[in-house]
K.L.:
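Pasting in a structure now, in C-alpha cells, and then I'll have a few things to ask.
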Amino acid sequence: MASDCAGEILNGSPQAVARLITWLENEDERAYACMAQLYPKTGKSYVIGITGPPGAGKSTLTDSLTRFIRELGLTVGIVATDPSSSHSKGAILGDRVRMSRLNADPGVYIRSMAVRGYLGGTAKATAEVVMVLDASGKDAVIVETVGVGQDEVNITDIADTTCLILNPGMGDAIQSMKSGFMEIADIFIINKADQRGADQLSGEISLRLEQDSKIKTSDWTPGIVKTIAVEDQGTGDLWQAIQKHRSYLEKSGKFLENRREHAGREALRIIHNELFRVIRKHLETTGQLCQLLEDIRNRKRDPYSATREILARCLSLPREHEDEP
Ligand SMILES: Nc1nc2c(ncn2[C@@H]2O[C@H](COP(=O)(O)OP(=O)(O)O)[C@@H](O)[C@H]2O)c(=O)[nH]1
Ligand SMILES: [Mg+2]
C-alpha cells in the first residue's frame, strides 16, 4: 500500500525507499499516491550536484565527500546516474565497488540509476528520487551525473550547489566551452591534482570566468577547489566551498528563489509526464493507439487533428486510481 510505504519512508526505512524508487522507475501508479504524501515533508535536504565528464573522478569524490560529511554526524543520500549502463553493467558495478565502504553505513543510502536512450545526462526520475531521500531524512543528497545540457533534466534544476569536476590537461575543453556552460558551475573542482597541470587549469578557469560577462556581473564568483579524491585530499576544502556557496544563497535570498523555480519546473515536468502517461494508457487499453498510429503511417490521418480529437475525448475521462487514498 502506498500510504504504508510513505509512513515507512518518513521513518527512514531503506527498504521502503528502494520500493518507491523502483515504482517511480517503472511508472507504477502506486508511486504517485506515495509521492503525494511525501511531498509536504520534502525540502529539508541540501542537494549537491557533482557533474563532469566520464572518468573525471565523480564517483571517487562522491565517496570521499560522503565520508567527510558522515564524520560531521550528518546523513547522506547518493543518486548516481550512469550513462554507460545501457550498454554494459560495468560502470555501475565499478561505482558500487568504489563506494562499497559506504554500503555498510546505515547513515548513507546509495542508488544507481540507468539513463536510457541517450548518451549522458540525468535519469528522468532523478528529481523524484532526490525528494524520496529528502523525505527519508537525509541531511545532504549528492547527485552524480555526467548530464549537462542535452538531457531533459538539468542538474542545475535539482541541485542547490552544482560542482563541475575537471582534470589537469582539460584547458582546451575550457577554451572551447560554449558561453553559458561555465555558468552551470557554482564550484569548479580540479580533481586528480596529483597530476601535472592543476595550477595551469586553475588559471585557465579563472581567465574564462573573468571573460564571461554573465559571471562577471553576478555577485557569486565560482570557487575553484583542487582535490585528489583517491587520497581524500581537498575534500574538506570542497565542503567549505559548498558551505560558502550555501551561505551566499541564503543571505542573498537566492536559495528560496532557486527552490521556487525548481519546484515550478519540476511541477510542469510532472504534469507533462503524467498527462502523457494517462492518455497513452487510455489509448492503449481501448486499442485506439494502434489504429491511430496505423492511420497516420498510412497517411489517412494527420497527427495534429488526431491529437486535438484525443484531447477532446480524454479531457472528459473518469478520474484514475480513485481507490488510492
Ligand atoms: N590519479 C588520480 N586518479 C583518480 C583521482 N580520482 C579518481 N581517480 C581515478 O580515476 C578513475 C575514474 O574515477 P571515477 O570516480 O570512476 O570517475 P567518474 O566516471 O567521474 O565517476 C578511477 O580509476 C579513479 O581511481 C585522483 O584524484 N587522482
Ligand atoms: Mg561515476
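Whatever order the structure lists them in is the order used to number ligands and atoms, beginning at 1. From a predicted model like this one, the values you see are computed outputs, not experimental measurements. Computed over heavy atoms, backbone and side chain alike; hydrogens, waters and symmetry mates excluded.
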K.L.:
Under a 4.0 Å N-O cut-off, is there an ion pair linking Glu204 with Arg208?
P.N.:
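A salt bridge is absent here (no side-chain N lies under 4.0 Å from a carboxylate O).
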K.L.:
Holding to side-chain contact (heavy atoms from CB on, under 4.5 Å), I want the full list of residues that pass it with Gln240, two or more places apart in sequence or in another chain.
P.N.:
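Residues passing side-chain contact (heavy atoms from CB on, under 4.5 Å) with Gln240: none at all.
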K.L.:
Below 3.5 angstrom, do we get any N/O pair linking Ile228 and ligand 1?
P.N.:
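Such a contact does not occur with ligand 1.
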K.L.:
Going by an N to O cut-off under 4.0 Å, is there a salt bridge joining Asp199 and Lys226?
P.N.:
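Judged by the 4.0 Å cut-off on N to carboxylate O distance, Asp199 and Lys226 do form a salt bridge.
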K.L.:
Please name the atom of Glu144, limited to N, O or S, that comes nearest to the Mg ion (ligand 2).
P.N.:
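Looking at Glu144, the N, O or S atom with the least distance to the Mg ion (ligand 2) is OE2.
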K.L.:
Could you check which of Lys58, Glu231, Lys226, Lys192 puts a non-hydrogen atom nearest to atom 4 (C) of ligand 1?
P.N.:
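Looking at heavy atoms only, the winner is Lys192.
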K.L.:
Do the side chains of Glu25 and Arg111 get close enough for a salt bridge, i.e. N-O under 4.0 angstrom?
P.N.:
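Looking at Arg111 together with Glu25, the answer is yes, because their closest N to O distance falls below 4.0 Å.
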K.L.:
Roughly how far, to the nearest 0.5 Å, is CG of Leu289 from NZ of Lys281?
P.N.:
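Atom-to-atom, Lys281:NZ and Leu289:CG are 14.0 Å apart.
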K.L.:
Is the contact between Pro54 and ligand 1 made by the side chain, the backbone, both, or neither, using heavy atoms and a 4.0 Å cut-off?
P.N.:
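Under 4.0 Å from ligand 1, Pro54 contributes backbone atoms alone.
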K.L.:
Among Pro53, Pro168, Ser59, Gly57, whose heavy atom sits nearest atom 21 (O) of ligand 1?
P.N.:
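Going through Pro53, Pro168, Ser59, Gly57 one by one, Ser59 has the nearest heavy atom to atom 21 (O) of ligand 1.
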K.L.:
Test of understanding: given a 4.0 Å heavy-atom threshold, classify the contact between Val230 and ligand 1 as side chain, backbone, both, or neither.
P.N.:
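Near ligand 1, Val230 shows its backbone as well as its side chain.
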K.L.:
Return a yes/no value for Gly55: is any of its N or O atoms, backbone included, closer than 3.5 angstrom to an N or O of ligand 1?
P.N.:
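Checking ligand 1 against Gly55, an N or O pair does fall under 3.5 Å apart.
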K.L.:
Any atoms of ligand 1 less than 4.0 Å from a non-hydrogen atom of Glu144? List them with their elements.
P.N.:
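This gives 21 (O) as the contact atoms.
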K.L.:
Taking only heavy atoms of Gln195, which atoms of ligand 1 are found under 4.0 Å from at least one of them?
P.N.:
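Here the atoms of ligand 1 in question are 1 (N).
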K.L.:
Can you run down the ring-ring contact (aromatic ring centres under 6.0 Å, His included) pairs that involve residues 184-208, sequence neighbours left out, and say none if there aren't any?
P.N.:
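Checked against ring-ring contact (aromatic ring centres under 6.0 Å, His included) - neighbours excluded - no pair reaches residues 184-208.
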K.L.:
Inspect the contact between Glu294 and Arg297 and indicate whether a charged nitrogen and a carboxylate oxygen are less than 4.0 angstrom apart.
P.N.:
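Looking at Glu294 together with Arg297, the answer is yes, because their closest N to O distance falls below 4.0 Å.
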K.L.:
Centre of Tyr32's six-membered ring, under 6.0 Å away, within 45 degrees of the axis: is that where NZ or CZ of Arg277 sits?
P.N.:
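Yes, cation above the ring, under 6.0 Å and within 45°.
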K.L.:
Is there a polar contact between ligand 1 and Ala193, counting only N or O atoms under 3.5 Å apart?
P.N.:
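The answer is no, given that Ala193 and ligand 1 share no N or O pair closer than 3.5 Å.
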K.L.:
Would Thr60 count as a contact for the Mg ion (ligand 2), in the sense that one of its N, O or S atoms lies under 2.8 Å from it?
P.N.:
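Within the cut-off used here (under 2.8 Å), Thr60 places no N, O or S atom near the Mg ion (ligand 2).
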